[in-house]
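When a ligand or atom number is given, it counts from 1 through the structure's own listing order.
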Amino acid sequence: MLALHYFAGLFLGFFLISLFSPAKVNLFLQVRGKRPDGYHELASLFQAISLGDLLHFSIGKSDKISCSKRDPDFPLDSTNLILKSAQCFRNKTSLDFGLEVSIEKKIPLQSGLGGGSSNAATTLWAINELLLRPASLAELIEWSKELGSDVTFFLSKGTAYCTGRGEIIHEIPPLESNTPITIVKPNFGLSTSLVFKEFTALDSSGPANSLYFNDLEKPAFRLSAQLLQIKEELLKGGFSHVVMSGSGTSFICIGRGKIPTFMPLEPFSVQFINRKIDSWYEV
Ligand code: C5P
C-alpha cells in the first residue's frame, strides 16, 4: 500500500518537503598552504547558524527552480548547485526523477556564509527523504564532496572542525554560546576563488592567540580596503571579537556593539544551531 501510494505520489508529483537550509560561519579559518590541485589546505571551525533559506521540494516531471529574490548572480538554470545536486543524486543512484524547488532566499550571496553549499546539502537530504532514503548518510557525505568544498559540512550535525579543502569533517559537540552574535553583511560581495587567488603564504597568521581568526582577511582586505575599515569600525563599536567568515564579505561580531552607519551594512542577529541524528536542521 505504501509502495503504491509512493509511486502514485511520484507519478502525480504531490510529495512535498520544506526544509530549512542554514548558513554557516567559520569561527576560525587557517590556510595551511596551496595544494598541487590548486585548492588550499584548510583547518577551520565551522558552525551552523539560525540565518537560513527555506527550500520547498517536490518530485516533478522535470527540473524546475524558482526563487523569491530576483538576483542575476543566483542562477536558476542547471548551473545552480541545487540542480547540480539533483543531477549528482541521479548519477549515483540511477534513479530517474524531476525536482521542483522553490526558494525563500535569506542568506546573502558572496558573503562567506555558505548559502549555495547549504542549499546543495539540503537538496541531497531532501531528495533522499522524498525517495524514501535510498542512500545512507555516509553516501550523501561522499557525494557532497564533488559538489563543493563546504557542502559536506552541512551534513554534519552543525559543529565541526574541517580540514582538507574543507570537506573532511571532524564532528565536535555543540558549542555553548550565551553571548549575542551578530552577522554584519556589507552591500557588496567577493568571489571565493578571487580571495583564495590573492592569498600568499605571508598572510598566514601562524599560532593564533585568539579563537577567532581568519587567514583570508588579509587577501580580502587587499581586494577591498573598505572591508578593513568596516572591521575597524565594528571593533570601535564595542564588539569583543570581529572576524570575517569564510572568504567574506560578512563579519561575525561577538558580544554587544554598535553597527557603524558610514555605509550600508545589514545586521542579522543569529544563534548557533545543531541538528539531531536522523533529522534535518530546524530553527
Ligand atoms: O570547492 P568550491 O567550488 O566551493 O571552491 C570555490 C573556489 O574556491 C575554488 O575553485 C578554489 O579557487 C577556491 N578554494 C580553494 N581552496 C579551498 C576551497 C576553495 O582554493 N579549500
Just wondering, are more than 12 heavy atoms of other shown residues or ligands nearer than 6.0 Å to NZ in Lys145? yes

For atom 16 (N) of ligand 1, tell me which residue out of Arg32, His40, Lys145 has the closest non-hydrogen atom. His40

Evaluate Arg35 against Glu41 for salt bridge (Lys or Arg N to Asp or Glu O under 4.0 Å), listing each step before the verdict. CA-CA 6 Å; Arg35 311 177 353 161; Glu41 194 67 20; 3.1 Å; yes

Touching ligand 1 at all, Asp150? Heavy atoms, strictly under 4.0 Å? no

Starting from atom 9 (C) of ligand 1, locate the nearest protein heavy atom and write down its residue, its atom name and how far away it is, to 0.1 Å. Tyr39 CE2, 3.8 Å

Go through ligand 1 atom by atom and flag the ones less than 4.0 Å from a non-hydrogen atom of Leu42. 21 (N)

Considering heavy atoms of the protein only, find what lies nearest to atom 6 (C) of ligand 1 and give residue, atom and distance to 0.1 Å. Thr192 CG2, 4.2 Å

Just wondering, more than 12 heavy atoms not from Glu129 lying within 6.0 Å of its CD? yes

Can you confirm whether the side chains of Glu100 and His56 place a donor and an acceptor under 3.5 Å from each other? no

Could you tell me how the ring of His40 sits relative to the ring of Phe199: parallel (under 30°), tilted (30 to 60°) or perpendicular (over 60°)? perpendicular

Side-chain donor-acceptor pair under 3.5 Å between Asp63 and Ser78, yes or no? no

Identify the closest protein heavy atom to atom 18 (C) of ligand 1: which residue and atom is it, and at what distance? Ser149 OG, 3.6 Å

Considering only heavy atoms of Arg165, which atoms of ligand 1 have at least one such atom less than 4.0 Å away? 1 (O), 17 (C), 18 (C), 21 (N)

Distance-only polar pair, side chains of Ser144 and Thr152, donor-acceptor under 3.5 Å: yes

I need the contact type for Phe196 against ligand 1. Using non-hydrogen atoms and a strict under-4.0 Å cut-off, is it side chain, backbone, both or neither? side chain

Can you tell me the protein heavy atom closest to atom 12 (O) of ligand 1 and the distance? Ser193 CB, 3.5 Å

